Amino acid sequence: QVQLVESGGGLVQPGGSLRLSCAASGSIFSINAMGWYRQAPGKQRELVARITSSGSRNLVASVLGRFAISRDNAKNAVFLQMNSLKPEDTAVYYCNAQIRPNGGQVGWNDYWGQGTQVTVSS
């Protein structure tokens, strides 16, 4: 089985920093894109950042200049460095990966982490 495990959330003051980590484990043939989504109370889930297997990055406009996404292909891991955090960044953050399992059919399957709470408050 394939699973994603997240860590790194917590409570931080405005202007502070957090680093989220997510690692995929299990019987994996390959991983395409990996990314981070977030969902704030009363709002729809939105894509925050994604990174392809070759390293191309996309980030939502509201986090440009503050967040950075990276990955370690050898460890099947993706990271989100969050700096200059604002109260509006408060949300549950979910790791996502497009994965083809060993023995799986052609095509990517979406896998999700369990979610980690990020709270920015003073």
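What you see is a predicted model, and the numbers here were worked out from it, not measured in a lab. Computed over heavy atoms, backbone and side chain alike; hydrogens, waters and symmetry mates excluded.
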Rounded distance [0.5 Å steps], [atom1] in [X] versus [atom2] in [Y]:
{"X": "N32", "Y": "I99", "atom1": "CG", "atom2": "CD1", "result": "10.5 Å"}
{"X": "N76", "Y": "S25", "atom1": "CG", "atom2": "OG", "result": "8.5 Å"}
{"X": "R19", "Y": "N83", "atom1": "CZ", "atom2": "CG", "result": "11.0 Å"}
{"X": "W108", "Y": "S30", "atom1": "CH2", "atom2": "OG", "result": "3.5 Å"}
{"X": "Q114", "Y": "L4", "atom1": "CD", "atom2": "CG", "result": "8.5 Å"}
{"X": "I51", "Y": "S56", "atom1": "CD1", "atom2": "OG", "result": "8.0 Å"}

Can you tell if the side chain of [X] reaches within under 4.5 Å of the side chain of [Y], non-hydrogen atoms only?
{"X": "P14", "Y": "P87", "result": "yes"}
{"X": "C95", "Y": "V78", "result": "yes"}
{"X": "L20", "Y": "M82", "result": "yes"}

Exercise: identify the closest heavy-atom pair between [X] and [Y]:
{"X": "T90", "Y": "Q117", "answer": "CG2-NE2, 4.0 Å"}
{"X": "V2", "Y": "S27", "answer": "CG2-O, 3.7 Å"}
{"X": "Y111", "Y": "N109", "answer": "CD1-O, 3.4 Å"}
{"X": "I69", "Y": "G35", "answer": "CD1-CA, 4.1 Å"}
{"X": "G8", "Y": "L18", "answer": "O-CD2, 3.8 Å"}
{"X": "E6", "Y": "G115", "answer": "OE2-N, 3.3 Å"}

Between the main-chain N or O of [Y] and the side-chain N or O of [X], is there a donor-acceptor pair closer than 3.5 Å?
{"X": "Q81", "Y": "A68", "value": "no"}
{"X": "R50", "Y": "L59", "value": "no"}
{"X": "T116", "Y": "G9", "value": "yes"}
{"X": "Q1", "Y": "G26", "value": "no"}
{"X": "R38", "Y": "W36", "value": "no"}

**Item:** Same apolar cluster: I31 and L80, side chain cutoff 4.5 Å
**Value:**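 In one cluster: yes.
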**Prompt:** Any chain of hydrophobic side-chain contacts (each under 4.5 Å) joining M34 to Y94?
**Reply:**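 Looking at the clustering, Y94 is in a separate group from M34.
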**Prompt:** Is it true that the side chains of S54 and T52 contain a donor and an acceptor less than 3.5 Å apart?
**Reply:**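 The answer is yes; a qualifying pair exists.
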**Item:** Chi angles and distances behind the side-chain contact (heavy atoms from CB on, under 4.5 Å) call for L47, V60
**Value:** CA-CA 7 Å; L47 176 65; V60 68; over 6 Å; no
**Prompt:** Which is it for D110 and Q98 under the side-chain contact (heavy atoms from CB on, under 4.5 Å) test, yes or no, and what are the steps along the way?
**Reply:** CA-CA 5 Å; D110 274 311; Q98 295 175 318; 3.5 Å; yes
**Request:** Take R66 and K86 through the test side-chain contact (heavy atoms from CB on, under 4.5 Å) and record every step on the way to the result.
**Result:** CA-CA 10 Å; R66 301 188 298 119; K86 304 175 180 180; 3.8 Å; yes
**Message:** Does the Lys NZ or Arg CZ of R71 fall within the cation-pi geometry relative to F79 - under 6.0 Å from the ring centre and within 45° of the axis?
**Reply:**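 Pair R71/F79 does not count as cation-pi.
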**Request:** On the 0 to 90° scale, with breaks at 30° and 60°, tag the Y93-F67 ring pair as parallel, tilted or perpendicular.
**Result:**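 Answer is tilted, since the angle falls between 30° and 60°.
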**Prompt:** Passes side-chain contact (heavy atoms from CB on, under 4.5 Å), V120 versus E88? Steps please.
**Reply:** CA-CA 8 Å; V120 184; E88 66 193 51; over 6 Å; no
